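No experiment lies behind these values; they were computed from the predicted model shown.
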Amino acid sequence: MAATAAASVAAISPLPRASLPRPVSARVPLLPRASPPTWRLSVGSARARSTRCLAAAGGGGLAPEMRATLDKVVGSHKVVLFMKGTKDFPQCGFSHTVVQILRSLDVPFETLDVLANEALRQGLKEYSSWPTFPQLYIDGEFFGGCDITVDAYKNGELQETLEKAMLS
């Protein structure tokens, strides 16, 4: 009986490690990284300065009611920032950056939270032909997103544009 017990224990005991087959890991070749886009919208370019809300051009499939609402909001304030979150509690680092720039310049500005309204968020993308947020509007014109605003702040163009807007 002892012999049969020893045989059954030997039958269930693990094999020595050397005799176990090594698992074969599947290797997936790394894909090459995509190169960054070579185009860049320069803040000082004529295209950037003439980037008005396409609401005036009537382009896109934006509902007339949404277009009228956005025209009214953008036209009724000198500086409007459509952002994720609020100026007191930004929900995105890019929105936070633009808020901090505007606050550092001591500019009065209004904000609208695009996270609170999906229709507003999608409508603004068509309205401005700009796919991301935040979106800064100065004196009724689309100025740009975070990167353009930061670049314009660094080279003084933002301050100049805001001064002109406040005087008009």
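- A distance of 10.5 Å separates CG of Leu162 from CD of Glu157, quoted to the nearest 0.5 Å.
- The cationic atom of Lys78 (NZ for Lys, CZ for Arg) does not lie both less than 6.0 Å from the six-membered ring centre of Phe109 and within 45° of the ring axis.
- Between the side chain of Ser95 and the backbone N or O of Lys84, at least one donor-acceptor pair lies under 3.5 Å.
- The backbone N or O of Lys87 sits less than 3.5 Å from a side-chain atom of Arg103, completing a donor-acceptor pair.
- Within the 4.5 Å cutoff, the side chain of Phe143 has heavy atoms near those of the Leu158 side chain.
- Closest of all the heavy-atom pairs between Asn117 and Ala119 is OD1-N, 2.9 Å.
- Residues Pro108 and Val79 are not in side-chain contact: their nearest non-hydrogen atoms beyond the backbone lie 4.5 Å or more apart.
- In this structure, the side chain of Gln135 does not engage the main chain of Gly144 through any donor-acceptor pair within 3.5 Å.
- Closest heavy-atom contact between Pro134 and Leu81: CB-CD1, 3.6 Å.
- Looking at every heavy atom in both residues, Gln159 comes nearest to Ala152 through OE1-O, 3.7 Å.
- Under the 4.5 Å side-chain contact rule for hydrophobic residues, Leu115 and Val99 do not share a cluster.
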Checking Phe133 against Arg121 for the side-chain contact (heavy atoms from CB on, under 4.5 Å) test, could you report, in this order, the C-alpha distance in whole Å, the side-chain angles of both residues, the deciding distance, and whether it holds? CA-CA 9 Å; Phe133 294 97; Arg121 183 166 58 243; 3.4 Å; yes
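- Residue Leu112 holds its CG atom at 8.5 Å from CG of Leu124, rounded to the nearest 0.5 Å.
- Using the six-membered ring where Trp is involved, Tyr127 and Tyr137 have ring planes that are tilted, between 30° and 60° apart.
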Report task. Let me see the working for Lys154 and Asp147 under salt bridge (Lys or Arg N to Asp or Glu O under 4.0 Å), right down to the final yes or no. Result -> CA-CA 11 Å; Lys154 288 179 180 176; Asp147 290 344; over 6 Å; no
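- Between the side chains of Gln122 and Glu118, at least one donor-acceptor pair of N or O atoms lies under 3.5 Å.
- Taking 4.5 Å as the limit, some side-chain heavy atom of Ser104 sits within range of a side-chain heavy atom of Tyr153.
- A heavy-atom distance below 4.5 Å is not found between the side chains of Ile101 and Val107.
- Atoms OG1 and NE2, on Thr111 and His77 in that order, are 10.0 Å from each other to the nearest 0.5 Å.
- For Glu126 (side chain) and Leu62 (main-chain N/O), a donor-acceptor pair under 3.5 Å exists by modelled atom type.
- Between the side chain of Asp113 and the backbone N or O of Gly85 there is at least one donor-acceptor pair closer than 3.5 Å.
- Using a 4.5 Å heavy-atom cutoff, the side chains of Phe142 and Val74 are not in contact.
- With Cys146 as the partner, the side-chain contact (heavy atoms from CB on, under 4.5 Å) test is satisfied by one option alone out of Asp151, Val98, Thr132: Val98.
- Grouping the Ile, Leu, Val, Met, Phe, Trp and Tyr side chains by contacts below 4.5 angstrom, directly or via other members, places Leu120 apart from Phe94.
- One distance of note links NZ of Lys164 with CE of Met166; it measures 14.0 Å at 0.5 Å rounding.
- Expressed to the nearest 0.5 Å, how far CG of Leu136 lies from CD1 of Ile148 amounts to 10.0 Å.
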